[in-house]
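Here's the structure we're looking at; comments come further down.
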Amino acid sequence: MDSSETQPLPSSDSREDTAPSTSKTSGHGQDAPKPKKASLKRTTGEPKNAKSKKRKKPRVSQPGYRVEQGEDMLFVISSTTSQYEGSAWKPPKKGSKKKKLAKGKSKAGQSVRKKTVRAPKPKLVAVPVEKTEKTDVTFFVPQDAMDHRWGQSVPEEVLINIFQFVVTQDGAVPFLCRVGRVCHLWNAAASSPALWRKVTIGHCWIAPGKSQQPTTEKRIKGTLTWLSQNRFSQLRDFSLYHWKKNVNYAVETVSQNSPHLRSLTLSYCTGLTGDAFHSLSLHSRSLQSINLQYSEFQVEGFLEFLESHGSQIKQMLYTHGISYNRVLAAVTRGLCPDLELLEVNTKLDSKDCELHINIQALQMACPNLKTFRMLNVRPLLKTFRNDADSTLGFPLLEEMCIATTSYSYMTDKDLRDILSGSTRLRVLDLRGCSRITPSGLAALPCDELECLYWGQYFTSNVGSSSTKKGLHMVTEKWSRTLQQLDIANQLFTEEELEIAMSYFGRGTEADTLRSLNLSGTRITPPALRSVIGQMTSLNYLNLSSCRYLPRGMKRIYRGQEDIRQLLDKLD
């Protein structure tokens, strides 16, 4: 075959059927006769050289890249559409610029000359290849050719484990709903019942405070129905936050399709009526925990639920109000004999903080109580008819919280009546209880207390401003077991604080204290030096507003290194 048939045509100045430049001088600087202007129209006649006409061949699909051996014994893939035909793809040299057209060239020459289109640079990705006897070879494959396949080749078990990490951190909704629309494999992984055991739904459709349109309400109900029927078969914990409408519908739909439901949280919700509680009593036979904090609910429906299902409830949390006094009364009557956690709180700006409670009846009705919290309430303990029965206590109690933001009526006698039989107590929160004395704390029957919160944050205008004594009795009793101690703003003298801090580290288990809050106290450098030098595991130290310390030391210290630097300054 003639070489003119296989090689591409040269540039415009060497082709015979293309009009050359109309300028008087050629590209080599020599004079040349002006040839006739070539016609650009297609002729219908036969070509002059019939043999040069190529015969059309059937198209064969070719791959979009070519594999060649490059430098360092590596295979390189180059695009077949690249302008560098016959060689492997190479990146362009830096500083290279396109050659400008010579002056005087006509537009006719530019119209015939085809513009070379540079192919995009393929992305190279290293892919290991089977080792040969001679050398190790690394195969490079374009990344774009694999992007559409990697997600479909991952095992489903691996995807489920990856999704589980995200669900644990961000929740199942709306993450699983979104990744389920990627492909069939991701949809199958996102549909695993193991990922839908804990679901929390907040503001998914509307912003808080805005009205709900009928179309939006229809979408909400449709989505809840589909999720309940297709995803909630193994649901254990379900939570709703800030729902003002459709709360009844959500509770009824979830309870009907979730036979294994154990925990229900409805926080900042309104419109909860007896129909929802009736559905829970019929379908949720495994329900053990119910949280109604900061939510409005129908008391009669909730009491009916406790009468039928209260024997299985182990955790109950709700916000106290005037209309909810009957709830605690129902618990003291024995409707929840297996109750292990009871929390009653009020809002920070609430004025109805007084809670009438019969501790003796509650101790008899809930002997298995382990956690008892009364947050921001002022408990008013009723008098006991028989003093002999008042020593019953909570034998299994591990955490007791009576913290308040205003003031408290709690006295040493009240505290002793509540914790008379609580030998297993580990956490005691008395923040705001200004009437409790160190002698009352030392008289408690618990010998292994780990956390004591006794700071006074909101009672500066209530109570006496005189100094207190006896802190050393508290530290002497629990110095071996205390891990967290908070005595912020307690008015103990400098000598009393120094004696109390010296008890840390005297026992065999001296390295137990992790957190110490001395904010607003009269702690002195000698007393501080003794406790820091003995407690080597101390990670948190609050010395803000301590007037008896030098400047530069009255701040919060975090970490052992920061506390070690403070000890160097004290020395």
Is [X] salt-bridged to [Y], cutoff N-O under 4.0 Å?
X      : Y      : result
Glu399 : Lys370 : no
Glu448 : Arg480 : no
Lys245 : Glu217 : no

Backbone N or O of [Y] within a donor-acceptor pair of the [X] side chain at under 3.5 Å?
X      : Y      : value
Ser279 : Ala276 : no
Asp486 : Ala488 : yes
Glu450 : Arg426 : no
Thr481 : Leu449 : yes
Asp170 : Ala172 : no
Asn187 : Cys183 : no
Asn248 : Ala250 : no
Ser228 : Thr225 : no
His309 : Leu287 : yes
Ser258 : Ser255 : no

Quick check, are the ring centers of [X] and [Y] under 6.0 angstrom apart?
X      : Y      : value
Phe302 : Tyr324 : no
Tyr268 : Trp243 : no
Phe297 : Tyr318 : no

Stepwise side-chain hydrogen bond (donor to acceptor under 3.5 Å, both in side chains) check, Thr319 with Asn345: CA-CA 5 Å; Thr319 300; Asn345 63 2; 3.1 Å; yes

If we count only N and O atoms by modelled type, under 3.5 Å, do the side chains of [X] and [Y] hold a donor and an acceptor together?
X      : Y      : result
Arg435 : Ser408 : no
Thr332 : Asn358 : no
Asn517 : Ser519 : no

So which atom in [X] and which in [Y] form the shortest heavy-atom distance, rounded to 0.1 Å?
X      : Y      : answer
Cys446 : Ser422 : CB-O, 3.6 Å
Asp417 : Ile359 : O-CG2, 4.3 Å
Ala190 : Leu195 : CA-CD1, 4.2 Å
Ile532 : Leu541 : CD1-CD2, 3.8 Å
Trp454 : Cys433 : NE1-O, 3.7 Å
Ser191 : Arg231 : OG-NH2, 2.9 Å

Does a side-chain heavy-atom distance below 4.5 Å link [X] with [Y]?
X      : Y      : answer
Val427 : Met400 : no
Leu428 : Leu425 : yes
Leu396 : Leu369 : no
Ile290 : Phe277 : yes
Met316 : Val327 : yes
Leu471 : Ile487 : yes
Val331 : Leu339 : yes
Val199 : Leu235 : yes

Would you find more than 12 non-hydrogen atoms of other residues, nucleotides or ligands less than 6.0 Å from [X] atom [atom1]?
X      : atom1 : answer
Arg262 : CZ    : no
Arg178 : CZ    : no
His278 : NE2   : no
Lys244 : NZ    : yes

Would you give the length of the straight line joining atom [atom1] of [X] to atom [atom2] of [Y], rounded to the nearest 0.5 angstrom?
X      : Y      : atom1 : atom2 : result
Glu304 : Ser281 : CD    : OG    : 8.5 Å
Gln288 : Ser284 : CD    : OG    : 11.5 Å
Glu296 : Gln298 : CD    : CD    : 12.5 Å
Glu252 : Asn246 : CD    : CG    : 11.0 Å
Ser434 : Arg431 : OG    : CZ    : 15.0 Å
Leu397 : Arg424 : CG    : CZ    : 11.0 Å

Steps toward side-chain hydrogen bond (donor to acceptor under 3.5 Å, both in side chains) verdict (Glu343, Gln315): CA-CA 8 Å; Glu343 179 175 333; Gln315 296 182 1; over 6 Å; no

NZ or CZ of Arg558 within 45° of Tyr540 ring axis and under 6.0 Å: no

Cation-aromatic face contact Arg555/Tyr557, 6.0 Å, 45 degrees: yes

Trace of the side chain to side chain contact (heavy atoms under 4.5 Å, CB included) decision for Leu381 with Ile418: CA-CA 10 Å; Leu381 304 184; Ile418 298 175; 4.1 Å; yes

Side chain to side chain contact (heavy atoms under 4.5 Å, CB included) partner of Gln293, the single match among Leu317, Thr265, Leu266, Leu375: Leu317

Evaluation steps, side chain to side chain contact (heavy atoms under 4.5 Å, CB included), between Asn489 and Thr521: CA-CA 5 Å; Asn489 300 317; Thr521 61; over 6 Å; no

Steps toward side chain to side chain contact (heavy atoms under 4.5 Å, CB included) verdict (Asp414, Tyr409): CA-CA 9 Å; Asp414 298 334; Tyr409 301 134; 5.7 Å; no

Stepwise side chain to side chain contact (heavy atoms under 4.5 Å, CB included) check, Leu415 with Leu441: CA-CA 9 Å; Leu415 188 64; Leu441 291 175; 4.0 Å; yes

